[in-house]
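So the structure is just underneath, and the comments pick up after that.
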Amino acid sequence: MVTALAPFSSPPNPDEFRLLVWKTVQQIPPGCVSTYGQIARMIPAPGGISGDSYRSLGPRWVGGAMAACPQGVPWQRVVNSQGKISLRGESAVHQKELLEAEGIEFSPAGKIDLQRFGWQKNINKSTLRFPGF
DNA sequence: TCCTTGACTCAGA
DNA sequence: CTCTGAGCCAAGG
């Protein structure tokens with residue numbers, strides 16, 4: 001079955017790619033967020049896909065995978081590169097509530113500071129603090 | 001068949 | 001900070 005999602009084109013092996021996305025997202029700890037682009041970069045480009053193509057399509061494929069996210073995957077911890085929620089309508093509100101419940105803070109403009117709450121942030125920075133802690 | 005619409009990102013203005 | 005356009009591709013009205 002071809003799945004009911006409609007990402008911008010699909011990777012060579014849609015099912016396998018989505019599985020990798022979900023597995024990666026499951027590794028995001030509570031109180032942290034990641035981005036579609038970051039998830040994409042953590043997954044190697046499928047065979048036959050050039051680095052350039054993957055750079056522009058990857059994030060969208062991740063978005064497509066998230067649209068069909070199964071239970072048990074912290075989908076709410078994935079936001080766009082600007083640190084803002086990409087969903088619209090009710091879902092967006094729900095996502096914001098779930099994240100706030102984990103201790104994540106939003107700016108007045110509805111943006112998350114990825115330097116503070118981003119997953120695997122710069123450990124080089126002298127300030128070692130755990131997200132949401 | 002044409003046009004719109006996606007859980008994206010980046011560079012500009 | 002907000003808005004636009006480009007890059008990319010397919011399904012549905």
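A note on names: the letters A, B, ... follow the listed sequences, proteins ahead of strands, and every chain is numbered from 1.
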Looking at [Y], is its backbone amide N or carbonyl O close enough to the side chain of [X] to form a donor-acceptor pair, meaning the two atoms are under 3.5 Å apart?
X: Asp113(A); Y: Gln115(A); result: yes
X: Trp22(A); Y: Ala65(A); result: yes
X: Asn80(A); Y: Gly83(A); result: yes

Mind checking the [atom1] distance from [N] to [M]? Whole angstroms is fine.
N: dC1(C); M: dA7(B); atom1: C1'; value: 22 Å
N: dC10(B); M: dA10(C); atom1: C1'; value: 23 Å
N: dG6(B); M: dC8(C); atom1: C1'; value: 12 Å

Nearest-angstrom distance from the residue atom [atom1] of [X] to [atom2] of [N]:
X: Leu57(A); N: dA7(B); atom1: CG; atom2: P; result: 16 Å
X: Arg18(A); N: dA7(B); atom1: CZ; atom2: C1'; result: 14 Å
X: Leu87(A); N: dA7(B); atom1: CG; atom2: C1'; result: 5 Å
X: Ile28(A); N: dA7(B); atom1: CD1; atom2: P; result: 18 Å
X: Ile49(A); N: dC8(C); atom1: CD1; atom2: P; result: 12 Å
X: Trp61(A); N: dG7(C); atom1: CH2; atom2: P; result: 18 Å

Side-chain donor-acceptor pair present, Glu102(A), Gln76(A), cut-off under 3.5 Å: yes

Could you go over nucleotides 9-13 of chain B and give all protein N or O partners under 3.5 Å, atom names and distances?
unit_1, atom_1, unit_2, atom_2, d
dT9(B), OP1, Tyr36(A), N, 3.4
dT9(B), OP1, Gly37(A), N, 2.7
dT9(B), OP2, Ser81(A), N, 2.8
dC10(B), OP2, Ser81(A), OG, 3.4

One should read off an interatomic distance between Met42(A) CE and Thr24(A) OG1, to the nearest 0.5 angstrom, of 6.0 Å

Nearest-0.5 Å distance, CD of residue Gln120(A) to OG of residue Ser34(A): 7.5 Å

Out of dA7(B), dT2(C), dC9(C), which nucleotide sits closest to the side chain of Phe8(A)? dC9(C)

Let's see if you can work this out: which of dT2(C), dA7(B), dG6(B) has an atom nearest to the side-chain heavy atoms of Arg88(A)? dG6(B)

At their closest point, which heavy atom of Pro59(A) faces which heavy atom of Tyr36(A), and how far apart are they? O-CB, 3.8 Å

